[in-house]
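For reference, the structure discussed in these notes is given below.
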Protein chains: 2
Amino acid sequence: MTDHDGPRFPPRGRRLVWVMLADEIAARIEDGTYPPESRLPAETEFTAEFGCSRESVRRAVKELRRRGLIETVPGKGSFVLPPEERHPQA
Amino acid sequence: MTDHDGPRFPPRGRRLVWVMLADEIAARIEDGTYPPESRLPAETEFTAEFGCSRESVRRAVKELRRRGLIETVPGKGSFVLPPEERHPQA
DNA sequence: GGAAATTTGTTCGTATGTATA
DNA sequence: TTATACATACGAACAAATTTC
């Protein structure tokens, strides 16, 4: 996520930015870095930390919602759902 | 590579809104228009004066924080730091 | 105490320009 | 051409901290 010296587009065989982001955040939820009920860092914070665009962050967050790991409240942020409240879509 | 070795954004010959804003506000701090300890105009006031979006204003304000010229207090506003208290980041 | 207004914080949606595969 | 990705920019709504009445 931090190798932006080369082309911005994922080289052959590499995963998409938003997928890597979603996996990374999901891993942090799994390992307790972002515990249940806690608020995730803001979109702008993720763009700063991962050095990617807001577009990619939002795609990742959307993916995490789809997986049922978080819920997003406009004006507040995205929150980690407790395991028992997770209802993955699709 | 053809003739596109310059910055990819913005288009050649155009300055960024938030950079112009940051420079303008910084100049006003320098010349005493916004003296030490004083509160800057609200974000919405800047959007009105400069005819730009709040996002651009916020980027400019963030840049001024980075330069160590101001500090921001949620619910209150941004305040001009006295020269001796300025600690630019990065 | 409480309600309203002000101000910053955050998200949502959208659009455009540039570049790469 | 289409999809991905980044940077910038606009507008809107809602939330939270603070101030004011």
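Naming convention: chains lettered A, B, ... in sequence-line order (proteins, then strands); numbering from 1 in each chain. This one's a predicted model, so the numbers in the text were calculated from it and none came from an experiment.
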Interatomic distance, [X] [atom1] vs [N] [atom2] [rounded to whole Å]:
| X | N | atom1 | atom2 | value |
| --- | --- | --- | --- | --- |
| A:Leu16 | D:dC6 | CG | C1' | 14 Å |
| A:Glu71 | C:dC12 | CD | P | 12 Å |
| A:Lys62 | C:dT14 | NZ | C1' | 14 Å |
| A:Ile70 | C:dT10 | CD1 | P | 16 Å |
| B:Phe79 | D:dT19 | CZ | C1' | 11 Å |
| A:Glu55 | C:dT11 | CD | P | 16 Å |

Sequence-distant partners of B:Phe79, ring pair (Phe, Tyr, Trp, His ring centres under 6.0 Å), two or more places apart: none
Verify the contact: side-chain N or O of B:Arg59 to OP1 or OP2 of D:dA9, cut-off strictly under 4.0 Å; return yes or no. no
Is there a side-chain polar atom (N or O) of A:Trp18 under 4.0 Å from OP1 or OP2 of D:dA5? yes
Is there a side-chain contact between A:Met20 and A:Phe50 (heavy atoms, below 4.5 Å)? no
At under 4.0 Å between heavy atoms, which parts of nucleotides 1-8 of chain C does protein reach? Answer with one letter per nucleotide, 5' to 3': B base, S sugar-phosphate only, - none. ------BB
Side chain to side chain contact (heavy atoms under 4.5 Å, CB included) involving [X] - partner list, sequence neighbours excluded:
| X | result |
| --- | --- |
| B:Ile29 | B:Ile25, B:Tyr34, B:Leu69, B:Ile70, B:Val80, B:Arg86 |
| A:Ala27 | none |
| A:Glu43 | A:Arg54, A:Val57, A:Arg58 |

Taking the hydrophobic residues Ile, Leu, Val, Met, Phe, Trp and Tyr, and joining any pair whose side-chain heavy atoms are under 4.5 Å apart, which ones share a cluster with B:Leu81? none
